[in-house]
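To start, the structure itself, in structure tokens.
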Amino acid sequence: MRLASLLRHEVLLAILLAVVLLILSFQSDKFFTVSNLLNQGRLMTETGLIAIAMTFIIATGGIDLSVGSILGLTAILTGVFWQNVGLPLPFAALAAIAVGTFAGFVNGVIITRFRVPPLIATLATLALYRGLAEGISQARSVRGYPDWFYVLGQGEVLGVPTQLWLLFVAAILASIILAYTRWGRTVYAIGNNEVAARFSGLSVEGTKLALYTVSGFAAAVAAVIFVSRVSTTRSDMGTGIELDAITAVVLGGTSIFGGRGTIVGTMIGLCLIQALKNGLSLAGVKGDGTIMLIGAVLILAILASNLFERSGTR
Amino acid sequence: MAMTDLDLPPVRPARVAQRPGAFQRLMSDYGQEIVVLLAIVALFVVVTIVNPRFISANNLTTIFAGNAYIAIAAIGMSMVIITGNIDVSVGALIGVLATISGTLAVAGYPVWVAWFIPVLVGMAINGVIGTLVAYARIPSIVVTLGALSILRGGLISATGGTWISDLPPTFMIAQKKLFGLPVPLVAMVVLTLLAAAWMRYSAFGRSLYALGGNAEAAVATGIPAERRIVAVFVIHGMFAGLATILFATQLQVIQSTVPPNLELTIITAAVIGGVSILGGSGTVIGSTLAAILFATIGSALIFTNVSAYWLRAVIGLLILATVLADMYRRSRRI
């Protein structure tokens, strides 16, 4: 019965996605072309990587608001390590990713060791990490990266954008971990009843610490991809991306109270948002009208899923 | 914290022994507020020693009047958070209301219409949000996340990102003075005190604490949870509208892009001021003090020649410090 209710939302969402794709392809003949769809995949990778980690965190009943700031900090450090410190670019990027991962680890420590609610802890580090990015950069941007660096964000492998492969692999791995491993079951157990999970001998603190660290790592990797895609580094990069990622996760059926959610759902939610953004802009709707529609879709999808759930057997 | 009667001193042998009890009760009721107040005073002393111009009348006006709209919006936000909910859309709402206000003023409507229609619109929009939270049972973070997109997207597509200028001088109430004091300062103090008294002494205010502290127990004692949630969102919309009056009239133009992350600044003010994000405790005096603290820090950085680009990092560290201190205080009390 539980599997059926899990599937219900994802199925509903997949049907919605299919309908949206169908309508959009009628609206514009440029929409349903291979090159356009691949290009959209390119654009949704950064949010996607963050949303995958966010799915785990929200499934435990937590939240990570600081990912956009970690992205900004990592982006700035990549530029600074390379241009100002003089590290070779690959090492600069790796060092920046290490710092971003450490930032996620710090979130985890604040949440697990000091028992600060995730919303406040990451609200504080949202300000802190963005502040560090702004302070370090002093509003100067870094440009002029070597050509090979753009392979990550602008290049392709076997005709598919490089970063889309990354997202694909990450999604499959995460999906297997969440659905089939002891670790994944621990995530759901924490989300359903943290106290019970602790008494069952599950490593609640260890799991949470790992999740927030992974979330920092995902945001840091997204940062390097972002820099490589837009060819420049600025301290305001990734502002608001946490809301996009949370929207994709929640739209995908992960309960904000924890205990429920799938990577498949998150990925469908992500595709739905990106399809709406792109399709509507091709159909001549301004970007801001699209943002409005995404907000409405979010509320309506959760409303519909709530109604279904209440009418179903519970 | 404010509403638990459990930490009353059990025995009172003599009147002398009551004194530390009263002090401790003050600390446990208003500990966070006192910490924030001390932080403001400490900053004033230190920065004034470094740069005496810090306490010039001009700068004091900037500190106490310039951020008053954040303090006022944080009053409503505090109430929402006290019930155990949250609103991430208020920044976008203030942007929408400011644009409505400016449009009405430029179109030649009487200024009081331009001031108060947005207040009503804010109450109506938040009424819808509250209804979705209370009756459709969608978590408030999801509803307001959606509302954030709708309001922000709607604002930019309606205005095209242009600024409203040529505002009539009578409209600019935030630049006027009342009894020799800037209007925003007076509004901030009056609204904070009214809201604080109302939250502390009215049955309605106490029912909000009860809902946030333990919703099931509150419902069992006969508090109509759904109606209260809708009401608290409508009241929050009213404070957002009042904040908008000051926000829209402080500069000669109204930008269609509100300060980014305004909602987070407002939530942060509530949290630093001692409102527990889990609901059930906190005061609106604390959030107003926190808003003043932010303004003081921002100004202090300028007067000590620290690059303003570090402002956000300082605020972030400050939030962490206060939150950790708060967790420490709580762990000792239990």
Ile110(A), part contacting chain B, at a heavy-atom distance under 4.5 Å: side chain

Heavy-atom pair with the smallest gap, counting every atom of Leu298(A) and Gly146(B): CD2-N, 3.7 Å

Take atom CZ in Phe303(B); do more than 12 heavy atoms of anything else shown fall under 6.0 Å from it? yes

Can you tell me which portion of Ile63(A) sits under 4.5 Å from chain B's heavy atoms? Options are side chain, backbone, both or neither. side chain

Tell me yes or no: between the side chains of Asp64(A) and Ser215(A), is some donor less than 3.5 Å from an acceptor? yes

Tell me, for Ile86(B) versus chain A, whether the close heavy atoms (under 4.5 Å) come from the side chain, the backbone, both or neither. side chain

Need one label for Leu119(A): side chain, backbone, both or neither, based on atoms under 4.5 Å from any heavy atom in chain B. side chain

Interchain contact, Ile136(A) with chain B, by part (heavy-atom threshold 4.5 Å): both

Is chain B contacted by the side chain of Phe257(A), its backbone, both, or neither, given a heavy-atom distance below 4.5 Å? side chain

Any salt bridge linking Glu205(A) with Arg198(A)? Criterion: basic side-chain nitrogen under 4.0 Å from a carboxylate oxygen. yes

Does either side chain, that of Asn107(A) or that of Thr125(A), offer a donor lying less than 3.5 Å from an acceptor on the other one? yes

Applying a strict 4.5 Å limit to non-hydrogen atoms, the region of Ile256(A) in contact with chain B is side chain

Between Ile141(B) and chain A, which part of the residue has a heavy atom less than 4.5 Å away: side chain, backbone, both or neither? side chain

Out of Val297(A), Leu243(A), Val250(A), which one racks up the most heavy-atom pairs below 4.5 Å with chain B? Leu243(A)

Arg234(A)/Glu134(A) ion pair, N-O < 4.0 Å: no

Taking atom types as modelled, find out whether Thr266(A) and Thr55(A) have a side-chain donor-acceptor pair closer than 3.5 angstrom. yes

Honestly, the part of Val142(B) sitting under 4.5 Å from a heavy atom of chain A is both

To the nearest 0.5 Å, tell me how far Met44(A) CE sits from Lys277(A) NZ. 11.0 Å

Using a cut-off of under 4.5 Å for heavy-atom pairs, which of Gly316(B), Pro139(B), Gly153(B) has the most such pairs with chain A? Gly153(B)

Heavy-atom distances under 4.5 Å only: say whether Ile272(B) touches chain A with side chain, backbone, both or neither. neither

